[in-house]
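Everything on this sheet refers to the single structure shown next.
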Amino acid sequence: MSAKNSNISTLATALVLCLVCSVMVSAAAISMKSKQLANVELDRNKNILMAANLFDPTKDNASDAAKLFENVETKLINLKTGQFASVDELSAAGISDVASYDVAKATKDPATRIDLGGDDPARIGALPQFAKVYIINDEQGQLKNIVLPINGYGLWGQIYGFLTLKSDINTIEGISFYQHKETPGLGALIEEPKWRATWHDKQAYDGDKIVTGVVKSGAHKPTPNYVDGITGATLTSSGVNTMIQFWLSERAYKPFLDNLRQNGSQGKEN
């Protein structure tokens with residue numbers, strides 16, 4: 001065989017091998033996609049339950065999380081009106097299924113987002129007009145907890161988590177963080193149960209004023225409802241403080257929380 005034919009044969013073999021490998025990788029990715037999405041959903045659900053102090057990852061497992069989450073109701077609120085979103089509003093926005101509604105995608109869509117412009121302390125860019133909240137009722141069907149998704153910029157990127165309020169729509173039940181790029185052993189300690197526990201039973205508001213947040217470890221607290229930041233993780237702690245202050249403000253959840261408090265445990269739905 002000539003050198004030319006040998007090179008062609010080698011190239012053809014390599015191309016066939018690459019093609020076969022590509023097909024195999026693509027097939028594996030497609031077959032695993034549903035499992036990956038299920039794992040993402042499970043992790044999110046665990047963190048929602050953790051923020052409500054209903055799930056302990058050191059004791060509970062995936063089946064426990066699935067059973068506990070049966071008592072969690074997902075709803076959409078209209079951040080422009082501060083009310084639960086009506087069927088007509090959702091229909092007009094092309095939203096037919098609350099569970100599969102993608103908040104991240106809606107935040108990027110000019111038709112379904114609220115731009116924050118230059119006044120963006122949490123550095124999130126925009127809000128979705130329709131945001132998800134999670135309602136947990138007690139055995140009598142009365143509101144026990146409301147879980148609010150929160151996010152904001154830390155040291156290296158966006159931090160995503162959940163803040164839970166008790167039935168008075170003011171006392172903090174708990175907090176959890178499920179996605180971030182913070183430094184292991186420092187900023188990443190926001191995930192640790194010991195630090196998250198410091199939020200329990202803090203008050204979010206005094207009248208219309210936000211009275212909770214994070215201060216530098218050991219620094220003076222504006223109110224007893226502030227928590228100490230993590231030593232050595234000043235920028236992460238500052239980012240969490242800004243995040244909390246923003247999402248509890250008039251520009252985010254406060255109008256909805258005010259309406260929910262005034263109109264009863266289920267708020268006003270059309």
Side-chain angles (χ1 to χ4, degrees), residues 38-79 81-87 89-90 95-101 103 130-150 160-178 191 193-206 211-212 225 227 244 247-248 252-270:
N39 286 336
V40 169
E41 182 179 6
L42 176 62
D43 184 64
R44 181 208 63 191
N45 292 352
K46 284 181 179 178
N47 273 276
I48 290 170
L49 295 168
M50 285 168 60
N53 288 320
L54 295 174
F55 182 85
D56 184 347
T58 66
K59 300 177 182 178
D60 302 322
N61 56 37
S63 60
D64 294 323
K67 185 173 181 60
L68 288 167
F69 205 78
E70 291 175 359
N71 299 317
V72 179
E73 185 178 4
T74 305
K75 292 191 175 185
L76 293 184
I77 63 172
N78 187 334
L79 290 177
T81 65
Q83 302 283 0
F84 283 108
S86 69
V87 173
E89 286 176 323
L90 296 180
I95 302 170
S96 58
D97 181 48
V98 173
S100 62
Y101 170 68
V103 175
F130 300 102
K132 281 186 178 181
V133 297
Y134 302 90
I135 303 292
I136 302 173
N137 292 322
D138 60 20
E139 293 179 355
Q140 287 71 46
Q142 298 300 308
L143 179 68
K144 179 182 179 183
N145 295 122
I146 181 164
V147 185
L148 309 170
I150 55 175
Y160 295 87
F162 298 101
L163 178 70
T164 301
L165 300 179
K166 295 185 179 183
S167 59
D168 62 359
I169 323 296
N170 191 40
T171 304
I172 296 174
E173 176 66 57
I175 196 168
S176 70
F177 299 96
Y178 65 95
E191 288 188 71
K194 183 177 180 180
W195 190 73
R196 292 192 297 103
T198 62
W199 290 87
H200 183 65
D201 278 345
K202 301 295 186 184
Q203 300 297 299
Y205 302 99
D206 182 1
V211 292
T212 189
N225 297 297
V227 303
I244 295 295
W247 284 102
L248 290 177
Y253 291 129
K254 188 175 185 298
F256 165 71
L257 297 175
D258 287 344
N259 286 327
L260 188 62
R261 196 179 299 113
Q262 294 166 8
N263 297 323
S265 63
Q266 293 304 315
K268 179 182 177 182
E269 287 188 273
N270 297 323

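Note that the structure is predicted; figures quoted are calculated from it, not measured. FYI, side chains are in, hydrogens and waters are out, and symmetry mates aren't considered; it's all heavy atoms of this structure.
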Could you pull out the closest heavy-atom pair between [X] and [Y], with the gap in Å?
X	Y	value
Asn225	Val211	CB-O, 3.1 Å
Asn137	Glu73	ND2-OE1, 4.4 Å
Ser176	Arg196	CA-CD, 3.8 Å
Trp247	Ala252	O-CB, 3.4 Å
Lys46	Ala62	CE-CA, 4.3 Å
Phe130	Ala85	CD2-CB, 3.7 Å

Using the side chain to side chain contact (heavy atoms under 4.5 Å, CB included) rule, take Ile146 and Ile136 through it: C-alpha gap first, then chi angles, then the decisive distance, then the call.
CA-CA 6 Å; Ile146 181 164; Ile136 302 173; over 6 Å; no
Audit row: Asn45, Asn47, side chain to side chain contact (heavy atoms under 4.5 Å, CB included) steps and yes/no:
CA-CA 5 Å; Asn45 292 352; Asn47 273 276; over 6 Å; no
Would you indicate whether the side-chain heavy atoms of [Y] and [X] approach each other to under 4.5 Å?
X	Y	answer
Tyr101	Val98	no
Val72	Val147	no
Asp201	Lys166	yes
Lys132	Leu76	yes

Given the rule in the side chain to side chain donor-acceptor pair (under 3.5 Å) test, do Asn78 and Glu89 qualify, once you have shown the distances and angles that lead to the verdict?
CA-CA 9 Å; Asn78 187 334; Glu89 286 176 323; 3.1 Å; yes
Take Ile77 and Tyr253 through the side chain to side chain contact (heavy atoms under 4.5 Å, CB included) test and state the conclusion after the steps.
CA-CA 9 Å; Ile77 63 172; Tyr253 291 129; 3.9 Å; yes
Could you check Asn53, Ile172, Val227 and say which one makes a side-chain contact (heavy atoms from CB on, under 4.5 Å) with His200?
Asn53
Could you walk me through whether Phe84 and Phe256 pass the ring-ring contact (aromatic ring centres under 6.0 Å, His included) check?
CA-CA 8 Å; Phe84 283 108; Phe256 165 71; 5.2 Å; yes
Rounded to the nearest 0.5 Å, what separates atom [atom1] in [X] from atom [atom2] in [Y]?
X	Y	atom1	atom2	value
Lys202	Ile175	NZ	CD1	12.5 Å
Ile169	Tyr205	CD1	OH	10.5 Å
Leu148	Leu257	CG	CG	5.5 Å
Asn71	Lys67	CG	NZ	8.0 Å
Asn170	Leu165	CG	CG	7.5 Å
Phe69	Leu42	CZ	CG	10.0 Å

Using 30° and 60° as the class boundaries, would you call the ring planes of Phe162 and Tyr134 parallel, tilted or perpendicular?
perpendicular
Assess, by modelled atom type and distance only, whether the side chains of Gln203 and Thr171 contain a donor and an acceptor separated by less than 3.5 Å.
yes
Could you check whether Arg261 pairs with Asp258 (Lys NZ or Arg NE/NH1/NH2 to Asp/Glu carboxylate O, under 4.0 Å)?
yes
Evaluate the side chain to side chain contact (heavy atoms under 4.5 Å, CB included) criterion for residues Asp64 and Asn61: first the C-alpha distance (whole Å), next the side-chain angles of each, then the deciding distance (0.1 Å), finally the verdict.
CA-CA 5 Å; Asp64 294 323; Asn61 56 37; 3.1 Å; yes
Any donor-acceptor pair under 3.5 Å linking the side chain of Asp56 with the backbone of Asp60?
no
